Amino acid sequence: MAARFNPLEADAHWQKVWEERGTFHADDRSARPKTYVLEMFPYPSGRIHMGHVRNYTMGDVLARYRRMNGFEVLHPMGWDAFGMPAENAAMEKKVHPGSWTRDNIATMRGQLKRLGFALDWSRELATCEPDYYGHEQALFLDLNEAGLVYRKESEVNWDPIDMTVLANEQVVDGKGWRSGAPVERRKLSQWFLKITDFADELLDGLDGLDKWPDKVRLMQENWIGKSQGLRFRFSLASPLPPREGSGVGAAEGGPDGFDVFTTRPDTIFGASFAAISPDHPIALALAERDEALAAFIAECKAGGTTAAELETAEKKGFDTGLKVVHPFDPDWTLPVWVANFILMDYGSGAVFGCPAHDQRDLDFARKYGLPVTRVVAPTPEEAGEPIGDEAYVGPGRMVNSRFLDGMSAEEGIKAVVARAEEEGWGEGTTVWRLRDWGVSRQRYWGTPIPIVHCAECGPVPVPRSQLPVVLPEDVAFDTPGNPLDRHPTWTDVPCPGCGGPGRRETDTLDTFVDSSWYFIRFASQPVDEPFDRKTAESWLPVDQYIGGVEHAILHLLYARFWTRALKRIGRLDIDEPFAGLFTQGMVTHETYRGPDGAWLSPDEVEQKGSDWLVAATGEKAEPGRVEKMSKSKRNTVDPEPIVDQYGADAVRWFMLSDSPPERDLPWSEAGIEGSWRFVQRLWRLADSEGGPASTLLGGEPDPALERKLHRTIASVGANIEALAFNKAVANVYELANAIEKAAPSETRSRAVEALLRLVAPMVPHLAEQAWSALGREGLIADADWPKADPAMLVDDEVVIAVQVNGKLRDTLTAPKGSAKELLEEMALASEKVARILEGNAPRKVIVVPDRLVNIVA
RNA sequence: GCCCCUGUGGCGGAAUUGGUAGACGCGCUCGACUCAAAAUCGAGUUCCGCAAGGAGUGCCCGUUCGACUCGGGCCAGGGGCACCA
C-alpha cells in the first residue's frame, strides 16, 4: 500500500468507477425495499457553497448507509432553476437568463460530482427546461379544471423603476430592494391557488408528521392560524348620514350594517364600541363626503409597515358618528370608530371592542375615553374590581353579563354562539390566517401560465396538445419590466376557444410552484406526462428530506398543499410528501471589521497576542461574531479550493464532525486540518494490516476489542439512522483509538475491515481505496453493513459507583448482575467509605444493580 | 407583545428511563523521533489547591438517597409570528 492516501487520484478514480458501473442508479423495479432520501435541490446561483456541502453530505451518508443495509435507494439531484437572480444577472451582465442559469448548473454539477455524492444523476432535472415546466403547466390545468385555480384583483407591491412586482421580502423600509424607489400598492389581476380549501387538512396532517421537528410543525400551525369564534352582524342604528350638500339620505340599498368576527363572543356585554378598518367599504363610503375622515384614512396608510414601526405605532381612531345596535339589546347602541389597528384582510375587517378583556381595545378605550366594563372575573371577590392598565385575558366566571352571569368563559362562548344562531344574527365560524396562494409573477424567467386571454371568451386554458408553452428565447432586458409583455410574436396567438385574436398570459408562475412537485418528478419521469402514478407511489413519500429551516413554512407548506391537491383530483394517492424532515444548521465563520468599519475576510487579518491586526496595514481590526457565511460579511469559504487541497473525504468528514447537524457548524482551518489528519490516520490503520497480504488468519482473539467493535457497529448505525452524525463520528474515533492501541490479532484485522465499512458512507473514496488495497472483492459501496452481535453488547463485569450522600467516593468492579446485598457489602468494605462514616452505621443504603451504591450517612 | 428553542472546560460538543458530568474532536503543555522543521508517536489538560480535599452544567428556590436531566421563578442569546380581533 502507498504510504499516504492521495485524494486527488483516488477521488477521481472512484467517482469514475461508480459512474461507469451505475452504482447509484435507483431501479424502479427493484425487489429490495425502497427508500427515498432527498435534500432540498439547489438554486443554481453560480457556485456551490459550504451550506450545500453540509446539506448534501448529510443526505449522502444516510443514502449510502441505507444502501449498505439492503435498500434500493432513490437519491436524486436537480436544479431549482427559475427565479429572479437570473434576470438580474441578465440586466447587469447582458447575458441571457437561460445561458447564465445553464452555465451555473454546469459549474455546480461539476463541483458536486467532485464531492463524490451517491446520486442518481440519470434523474437530474432543471425546472427551467420545457421538459419539466411543460408538465407543470399540465398540472396547473388539472388544478384549474378541478376548480382550485382562480383569478382575482389583488394588491401587489409595485416597483415603479424596475416596473415589476416585488415579493414582501423584497420591500425594504417601503422601498424596492434593487431600485430603492418607494414601492406603490397596485391592483393587478393575479392567479391564485386555493390553498385555503386545504387549511383544515394541512393543519390536521401536521399531527401525523411525527418525524418532523416540532419547531417546524409549530411554525406551520401558526402560519395556518386557525381561530374559532363568532361572526355576527351589527345593524346600524340609523342609516348613513346625508351626503354633504345634497340633502339626500344614504343611497337606497346602501349598507345597513356590517359583520364582525370575534373569538370571545362571551365578552359581548363588555362591548363599548365597534371599530372598522380604514379600508372597510363603510369607511371608504363615509370618507367620500367627510374630508376629515379621508385625511385620517390617508394618515393610517402613510404609516410604515415594518415590524418596528408597528410595534411602536399608536392606536389611533376616528369617530364616524355612526351607531350600531347591540345584538342583545335594541336600546343599547355602540359608537362606530375607524381604527388604524383593524386589518381589512383578516376576519371581516371589523370588530367589537371589549376593552376590559383585550389589551388593544383597552389602550384604545383609555385614549378616547370609552367605557370599560369587566365581564369576566377570575374569582367572585374580583367581580367588582375595576380594570387598570392591563386587560384581563385569563379564565373566570361571567359577571355583568345578564343571562351569561355565573357561566365560565367557555360556557359563555357556547351560549352566545347558540343564541346568535337561534336568532339568526350570527354563526360560529372558523377564520384562518392562511391566505390563498398568489402564484402570478410579472417576470420572464419562470414557468409561463398556460392561459390565453380573449376579448370574447375571457381567459382560456391552452389546449394540452399545445403544451409546453415555451418561453421565447429572443428577449432583451435593456428596458425594465417583463419582456414577455413586449413580445408580440409570442403573445399574440389565436384564442383556443373561438379562434379570434387572443393574447397569451404574460405572468409566470411563482418558483415555489416548481419546487412543489419536483420530488414527484424525480421518482418518475415519463416523457408524455408529469409522472407515472404507480411508479411515483412506489417511492413516495420521501422518507428523509433534509434542508434549511428557512423553508420551514413556504416551500414545505406549498409542497404539502400540492400533494394533497393531486390526491383530491385523483392523480396521486399520497397524503404527505415528506414523511421525515430534518432541518440542518448553517455553516458559520468568524467575522472581522477594519478600522473604517468595513468587513474584512478572515485571511486579511492576523492575530498578535490578544489583538487582531489588518495584515496589510498593521492597523487594529475588530473581531466580530461568528456568523453565517455571507458575501456581505466577507466570511465565506469556497468549498472547491478546499477540496483541491484536502480531497472530498476530509471536507465531508469535517461537515459531519463536532457540531450536531441541526445546529450551526463553525468553519475553521484547524478543523479541516484535523479531518485531513484523521483521513490519513484511517489509511495508516488499513495499511497496518499489511495490504493484500493480510490473511486474517492466526493470532489470538482480543475480547475487549471485539466488544468495542460490536458496540461501535451498533451505535454508529443507530446514530446515522438518527442523523446524529457528530456522535457517529465520535464512535468511529473511539474505535480507531482502540484498534491503534491493540496488539496485532485476528480480531484486530477484522476490526479494521469493519471500521472501513463503518466509515464508507462518510469517507467513501478512502474506504474504496483501502478496501481495494486490502484485496477485497467488489466495491465497499456494495458491501453489507457489518452486523453487531447482541451478545457482545453486554459486559460481564461492570464498574459500580460508590457514593456517600450522593457524592462519588469510590468505584468497585463486580460481575454483572451481582446481588444487591453483595454490592452493599463491597461498598461498605471500601476504605474511603469507612473513613467518611467514621465508624457510624449508615442510615440507609440504596443499591441500583449494575450501577451504583449510595450510602446515606 | 405572543409562541418556540438554546445556555455544560479555552473552543465544538458527549452524557438510555433522574444514577460515576466533561466521551470524542480542536486547541494548548510536556516528552520521544529529527541537525532542524513538518508529519507521526507517548503523557497531560473543568476550576481552586503542592497535596489531602473542595467547588462545578446561566442564576435563585424546590422535589429526591441522588438533579445537566423533573417542578417553580428569574437572566442571557437565538428563532418564528405579529395591531390576527
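Owing to the predicted nature of the structure, the values given are computational and were not obtained by experimental measurement. Note on naming: letters A, B, ... go to the chains in the order of the sequence lines (proteins, then strands), and numbering restarts at 1 for each one.
Rounding to whole angstrom units, CD of residue A:Glu669 and P of B:G27 are separated by 11 Å. Counting to the nearest Å, the P atom of B:A14 and the CG atom of A:Asn726 are 5 Å from each other. In this structure, CG of A:Asp850 is placed 18 Å from P of B:U16, rounded to the nearest angstrom. Atom CG in A:Leu852 sits roughly 9 Å away from atom P in B:G19 (whole-Å rounding). In this structure, the CG atom of A:Leu808 is 16 Å from the C1' atom of B:A67, given to the nearest Å. The distance from atom CE of A:Met219 to atom P of B:G80 is 7 Å, rounded to the nearest whole Å. As rounded to whole Å, 16 Å separates atom C1' of B:C83 from atom CD of A:Glu299. A straight line from CH2 of A:Trp337 to P of B:C83 spans 22 Å, rounded to a whole angstrom.
OP1 and OP2 of B:A39 both lie 4.0 Å or more from every side-chain N or O belonging to A:Arg681. Side-chain nitrogen and oxygen atoms of A:Arg4 include none within less than 4.0 Å of the OP1 or OP2 phosphate oxygen of B:A38.
Proximity of the aromatic rings of A:Phe364 and A:Trp337 is defined here by a centroid distance below 6.0 angstrom, and this criterion is met. Ring pair A:Phe654/A:Trp667: centre-to-centre distance below 6.0 Å. Not less than 6.0 angstrom separates the ring centroid of A:Phe352 from the ring centroid of A:His326.
A:Lys226 NZ: more than 12 foreign heavy atoms inside a 6.0 Å radius. Counted within 6.0 Å of CD on A:Glu825, heavy atoms from surrounding residues, nucleotides or ligands total 12 or fewer; the atom is thus considered open.
Each of B:C83, B:A15, B:U40 was ranked by its minimum atom distance to the side chain of A:Asn340; first place goes to B:C83. Side-chain atoms of A:Arg663 lie closest to B:U6 of the nucleotides B:U6, B:C41, B:C81. The side chain of A:Tyr346 has B:C84 as its nearest neighbour among B:C84, B:U20, B:G12. The side chain of A:Asn222 approaches B:C3 more closely than any other nucleotide in the set B:C3, B:G25, B:G12. With B:G19, B:G13, B:C83 as the candidates, the nucleotide lying closest to the side chain of A:Pro660 is B:G13.
Against RNA chain B, the stretch residues 351-366 of chain A makes heavy-atom approaches under 4.0 Å through A:Val351, A:Arg360.
B:G10: glycosidic angle beyond 90° from 0, hence anti.
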Next item on the list: Carefully, step by step, assess A:Leu206 and A:Arg560 under the rule side chain to side chain contact (heavy atoms under 4.5 Å, CB included).
Entry: CA-CA 10 Å; A:Leu206 292 172; A:Arg560 294 182 63 220; 3.2 Å; yes

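Of the C1' atoms belonging to B:G7 and B:A51, the separation is 35 Å, rounded to the nearest Å. Comparing B:G10 with B:C47, their P atoms are spaced 7 Å from each other, to the whole Å. To the nearest whole angstrom, the two P atoms, one in B:G56 and one in B:G66, are 15 Å apart. The same atom, P, is picked in B:A39 and in B:C26; the two are 12 Å apart, to the nearest Å. A distance of about 14 Å separates the P atoms of B:G58 and B:G12, rounded to the whole Å. Using C1' as the reference atom, B:C24 and B:G13 are 9 Å apart when rounded to the nearest Å. With P as the reference atom, B:C68 and B:G22 are 12 Å apart, rounded to whole Å.
Paired runs in RNA chain B that reach 3 or more consecutive Watson-Crick or G-U pairs, where each pair keeps both distances under 3.5 Å, cover B:1-7 with B:75-81, B:10-12 with B:24-26, B:27-32 with B:40-45, B:46-48 with B:53-55, B:58-62 with B:70-74.
With RNA chain B read from its 5' end, the first of the two nearest nucleotides for A:Lys215 and A:Val729 is the one closest to A:Val729. Nearest-nucleotide assignment on RNA chain B puts the 5′-proximal partner with A:Arg851, out of A:Arg435 and A:Arg851.
Applying the 3.5 Å distance criterion, the base of B:C65 shares a donor-acceptor pair with the side chain of A:Asn854.
Under 3.5 Å, the side chains of A:Ser715 and A:Asn731 contain a donor-acceptor pair of N or O atoms.
Exactly one residue among A:Tyr646, A:Trp653, A:Phe5 makes a ring-ring contact (aromatic ring centres under 6.0 Å, His included) with A:Phe678. That residue is A:Trp653. A:Phe232 pairs in a ring-ring contact (aromatic ring centres under 6.0 Å, His included) with only one of the listed residues (A:Phe258, A:Phe261, A:Trp425), which is A:Trp425.
A:Thr196 and A:Arg435 get closest at one heavy-atom pair: CG2-C, 3.6 Å.
Not a single donor-acceptor pair under 3.5 Å links the side chain of A:Thr583 to the backbone N or O of A:Gly548.
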